[in-house]
Asker: 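I am attaching a structure below and will ask some questions about it afterwards.
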Amino acid sequence: MSQHILDAAALNQDEALIPKSGWFEQSETLQKLRKNKKFPTIWCPGCGIGVVMGALIRAIDHLGLKNDDVALVAGIGCTARMPVYMDFNTLHTTHGRALAFATGLKIARPDMKVIAIMGDGDALAIGGNHFIHAARRNLGITALVVNNSIYGMTGGQYSPTTPLGKRATTAPYGNVEPPFPVCDLAIAAGATYVARSTVYHALELDKFLAEAIAKDGFSLVEAVSYCHTTYGRLNKLGTAADMMRALKDNSISRTAFDAMSPEQKADNTKIVRGKFVDIDRPQYTAIYANLITRVQGGEK
Amino acid sequence: MAVKLMQGNEAIAKGAVAAGCRFYAGYPITPSTEVAEVLSRELPKVGGKFIQMEDEIASMAAIIGARVGGLKSMTATSGPGFSLMQENIGYAAMTEVPCVIVNVQRLGPSTGQPTAASQGDVMQARWGTHGDHPIIVLSPISVRHSFDLTIKAFDFSEKYRTPVILLTDEIIGHMREPVELPDFKTVKIFEHSVTEKPADYKAYRNGPGDVPPMAAFGTGYRYHITGLFHDEVGFPTQRLDEIDPWLERVNTKLTNHMDEIALYEEDYEDGAKVALLSYGCSARTARHAMKLARAQGQKVDLLSLFTIWPFPEKQVEALGDKVDRIVVPEMNRGQLALEVERIVGRKKVRRVGLANGEMVTPQMVLEKMGG
Amino acid sequence: MTTPRAGTGTTTKMADRTEVRLAGEGGQGMILAGIILAEAAIHDGRNAVQTQSYGPEARGGASKAEVVISSGEIDHPEVLEADVVITLSQAAFQKFSGSFGPDGRLIAADKEESEKASGSIKPGGWLIVDEEKVDSSAAPKNVRLIRLPITKMAVETTGKGITANTVALGVLVGLTDVVSREAIEKAVTARAPKGTEDMNRKALQAGFDAAERVKAKK
């Protein structure tokens, strides 16, 4: 393996070695993958989405959840193809509507862990309305947004999270629209757990996802990723490894951010990783269960 | 239950409860809102759940999600909302998730006249979503019929794993008539039963039979559901040898069972050479006209269609063989008449269409029956 | 342009079919009055269908309820040509109290409003108006026009103008006998909010009394 990649992953040669045989069977977490689905995935080699899938599996595994008790609901896009590879109840829906489908499913099955998996365009452009309302209702759903700042599947059009000035196939002269801050949007809409990390910081993603899934309320994890195939090429950002390294170099922890002076904070252009909200608010399905009890008890 | 003056929309809500509907998601829109109002009150009483979503797209998505989770589910809307639901109606058809969509038709296009009646969504109900797909569309003619057809809608949607559209209209939806509803306990409800072990379960198996049983999420039968073309276990596929059998099964699973699905009422006379064919509120006008014509000594047949999609071709063809002329009153510019013309030929069909919010009158029908 | 209506309604009416239209502005409770009338018909052991039409306004505008009463089946659910029209507002009067001209076109009670007209009254039918709310000078000439201060009577009887719809029902039933007095009283009190049953009974009686005075004069 080239030094280039090892550096980006902060690994030494020994750690990067994959066992030659039986490695799949030896890994408990990998048993969460579907054996009857032919791999490889549809993702481009080097894509960050696979890292998020790994983190999600490890988080679910860490919580000791049964496969039958987990539902993954996705919309349309590269990220939304994630559920098909995993051995849970998986619902691949229409573009932008993952959270709306998840709403019905969660209400029908309040005991299930329902996780909506979306890309940035899926969650915040076509699905923006469902995003804020799911958060407002505080439905016990985990929204996992993989933010790569671009529409990857359709070939690189600008999304609601494409930074100002960056190029896309539909922004050939640079993007003129300011992006949505995903976490701020979720916080404003009422989410009870909000955290952000990057695909470089995979272990941090594991932790945030585990906390988010355990949360009895609407939780959001923004996994900042990259698309070297479209966004990287159009903006001359190099290979997947270069973009992975950039996530390491261009992000800081929330602790480091909090230590900054107001001036430094105002000038900060780096991605801030960390947990921003972790509060408790009555969860929708619990409130509704209570309503049913009241009504069946004769309340008019 | 005693005789009670009840509104059509209320009867739909009661029919849903009787049919075992335990989840409703919707967005307020005239003239359908009473369905939501009644269900928001009634569903919790039977342990069911009601939610008002942020729009009709989300409503349609939520009822599919809830049915995947095992609850029989329904939404209700009117023209503009029905347009918004179309993509996810196609999703339900593709994924074979049962659900019931009530469309209380109002005058369109666009905002049109929210409080005026129409039957202008006949073609949209059939072809509103993209691609070839199965769908059942039922249209009630009275308040009691609204109750009965809602139950039928759930029955068909479950039995055939298809979205069913209850295509009513502002007249029938807002009309009040005396009705006596049956004891809900006497209503038979279709329940899917999966006999395979989870490891052997194929949600989309092609045979035996043309409708595989549906397992709910969270019951140990975890599988994949997608709006992409899929194989028998639900995984996306581009293989023609997997797509073609599925296409064949899904597009014929309704037409193979038209003896059960085609609901209609024939009131025929020996020797009649003119017939009236209608549905929904206009079927009432047609019956009124029929009685007047018979009172004047004219022989006339009446075919009232309660199932309008898949189109009951066999019944209409037989009527076309029997009479010289078929008058089709409807509150649009001839949408169902097009289908009648397709079956019996243009020359036999007389359209009576109003698309301005006013009901067709019996007089207008009588005039088309003569000469 | 509205679509011309073909012919008059009279030729298409069934024998056992009584058609009543109750009209007013949104908020006057005329749709509720229609529902109550239909319920009264059921108490009489007859069949009834009630339909309604209203504008986008929750208050104001012109709204109507229509009730068709029969001992048999009721097919076409809307009024074809009303036997009785009662109206409490000028806008509703103009829109719903027209007549059919010789060419089959509906002519509104106000010629200026003919394009907006959407309801007629049959020759010889009852046209009851609130004389303080409605200038009925343009009423069709071939109807039995009854002018009474219905809202004022409500205020004088119960102190509340909102009981005008109940007074209107009393006048309507008192004059036309489309349902029995016992049935309408039963229907009114069943629908009255708790604690207002007596008030509504009084309002209904005021309507009956006014009807008797009209009959005595004729």
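Note: hydrogens, waters and symmetry copies are ignored here, and every other heavy atom, side chains too, is used. Proteins come first, then strands; the chains are lettered A, B, ... in the order of their sequence lines, and each starts at number 1.
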Asker: Would you check if B/His192 and B/Lys159 make a side-chain contact, meaning some heavy-atom pair closer than 4.5 Å?
Answerer: no
Asker: For a 4.5 angstrom cut-off between non-hydrogen side-chain atoms, does A/Arg281 reach A/Phe218?
Answerer: no
Asker: For the CG atom of A/Leu72 and the CE atom of A/Met53, what is their distance to the nearest 0.5 Å?
Answerer: 10.5 Å
Asker: Which one wins on heavy-atom pair count under 4.5 Å against chain B: A/Leu291, A/Ile292, A/Thr293?
Answerer: A/Ile292
Asker: Taking heavy atoms only and a threshold strictly under 4.5 Å, list by residue number the residues of residues 61-70 of chain A that touch chain B; give 'none' if the list is empty.
Answerer: A/Asn67, A/Asp68
Asker: I want to check something: taking the side chain as every heavy atom from C-beta on, are A/Lys215 and A/Asp280 in contact at a cut-off of under 4.5 Å?
Answerer: yes
Asker: Using heavy-atom distances under 4.5 Å, tell me whether A/Val84 contacts chain B through its side chain, its backbone, both, or neither.
Answerer: both
Asker: Say whether, by atom type as modelled, one donor and one acceptor occur between the side chain of B/Ser78 and the main chain of B/Val104 under 3.5 angstrom.
Answerer: yes
Asker: Using non-hydrogen atoms only, which part of A/Arg136 is less than 4.5 Å away from chain B: side chain, backbone, both, or neither?
Answerer: neither
Asker: Go through the atoms of B/Val233 and report whether side chain, backbone, both or neither lie under 4.5 Å from a heavy atom of chain A.
Answerer: neither
Asker: Measure across B/Glu196 and B/Pro213 and return the closest heavy-atom pair with its distance rounded to 0.1 Å.
Answerer: OE1-CG, 4.5 Å
Asker: Under a 4.5 Å heavy-atom cutoff, which of B/Arg67, B/Met53, B/Glu87 has the most pairs with chain A?
Answerer: B/Met53
Asker: Please state whether the side chain, the backbone, both or neither of B/Ile51 comes within less than 4.5 Å of a heavy atom of chain A.
Answerer: both
Asker: With a 4.5 Å limit on heavy-atom distance, are the side chains of B/Lys202 and B/Pro212 in contact?
Answerer: no
Asker: Determine the option with the most heavy-atom pairs under 4.5 angstrom with chain A, choosing from B/Val68, B/Asn88, B/Leu71, B/Ile64.
Answerer: B/Asn88
Asker: Below 4.5 Å, heavy-atom pairs only: which of B/Asp55, B/Thr219, B/Thr95 has the largest tally toward chain A?
Answerer: B/Asp55
Asker: Where does B/Tyr221 contact chain A at under 4.5 Å (heavy atoms): side chain, backbone, both or neither?
Answerer: backbone
Asker: Is there a side-chain contact between B/Trp246 and B/Glu232 in this structure, where contact means two heavy atoms from C-beta onward sitting under 4.5 Å apart?
Answerer: no
Asker: I'd like to know if B/Glu54 and A/Arg137 make a salt bridge, using a cut-off of under 4.0 Å between side-chain N and carboxylate O.
Answerer: yes
Asker: If contact means a heavy atom pair closer than 4.5 Å, which residues of residues 87-106 of chain A contact chain B?
Answerer: A/Asp87, A/Phe88, A/Asn89, A/Thr90, A/Leu91, A/His92, A/Thr93, A/Thr94, A/His95, A/Arg97, A/Ala100, A/Phe101, A/Thr103, A/Gly104, A/Leu105
Asker: Can you find a pair of side-chain heavy atoms, one from B/Lys253 and one from B/Glu96, that are under 4.5 Å apart?
Answerer: yes
Asker: Output yes when a side-chain donor or acceptor of B/Gln86 lies under 3.5 Å from a complementary backbone atom of B/Phe82, and no otherwise.
Answerer: yes
Asker: For A/Glu299, does the CD atom sit with more than 12 other heavy atoms under 6.0 Å from it, leaving out its own atoms?
Answerer: yes
Asker: Sub-3.5 Å donor-acceptor pair from the side chain of A/Thr142 to the main-chain atoms of A/Ala212, do we have one?
Answerer: yes
Asker: Applying a criterion of heavy atom separation less than 4.5 Å, what residues of residues 180-193 of chain A form contacts with chain B?
Answerer: none
Asker: Checking heavy atoms, do the side chain of A/Arg294, its backbone, both or neither come under 4.5 Å from chain B?
Answerer: neither
Asker: Within the distance-only criterion (no hydrogens, no angle test), does the side chain of A/Asp120 pair as donor or acceptor with the backbone N or O of A/Val145 below 3.5 angstrom?
Answerer: no
Asker: Tell me whether the rings of A/Tyr284 and A/Tyr288 are parallel (<30°), tilted (30 to 60°) or perpendicular (>60°).
Answerer: parallel
Asker: Check whether any side-chain heavy atom of A/Ile213 lies under 4.5 Å from a side-chain heavy atom of A/Ile60, and answer yes or no.
Answerer: yes
Asker: When you compare the side chain of B/Leu39 with that of B/Met74, does any pair of heavy atoms fall below 4.5 Å?
Answerer: yes
Asker: Look at B/Gly90, B/Gly47, B/Gly70 and state which one has the largest set of heavy-atom pairs under 4.5 Å with chain A.
Answerer: B/Gly47
Asker: Name each donor-acceptor pair under 3.5 Å that joins a side chain in residues 22-30 of chain B to protein atoms two or more places apart or in another chain, with its distance.
Answerer:
{"unit_1": "B/Arg22", "atom_1": "NH1", "unit_2": "B/Val17", "atom_2": "O", "d": "3.3"}
{"unit_1": "B/Tyr24", "atom_1": "OH", "unit_2": "B/Ala76", "atom_2": "N", "d": "3.2"}

Asker: Decide, yes or no, whether a salt bridge links B/Lys72 with B/Glu191 under the criterion of side-chain N to carboxylate O below 4.0 Å.
Answerer: yes
Asker: Does any heavy atom of chain A fall under 4.5 Å from the side chain of B/Pro198, the backbone, both, or neither of them?
Answerer: neither
Asker: Looking at chain A, which one of B/Pro236, B/Gly227, B/Gly220 has the largest number of heavy-atom pairs inside 4.5 Å, strictly under?
Answerer: B/Gly220
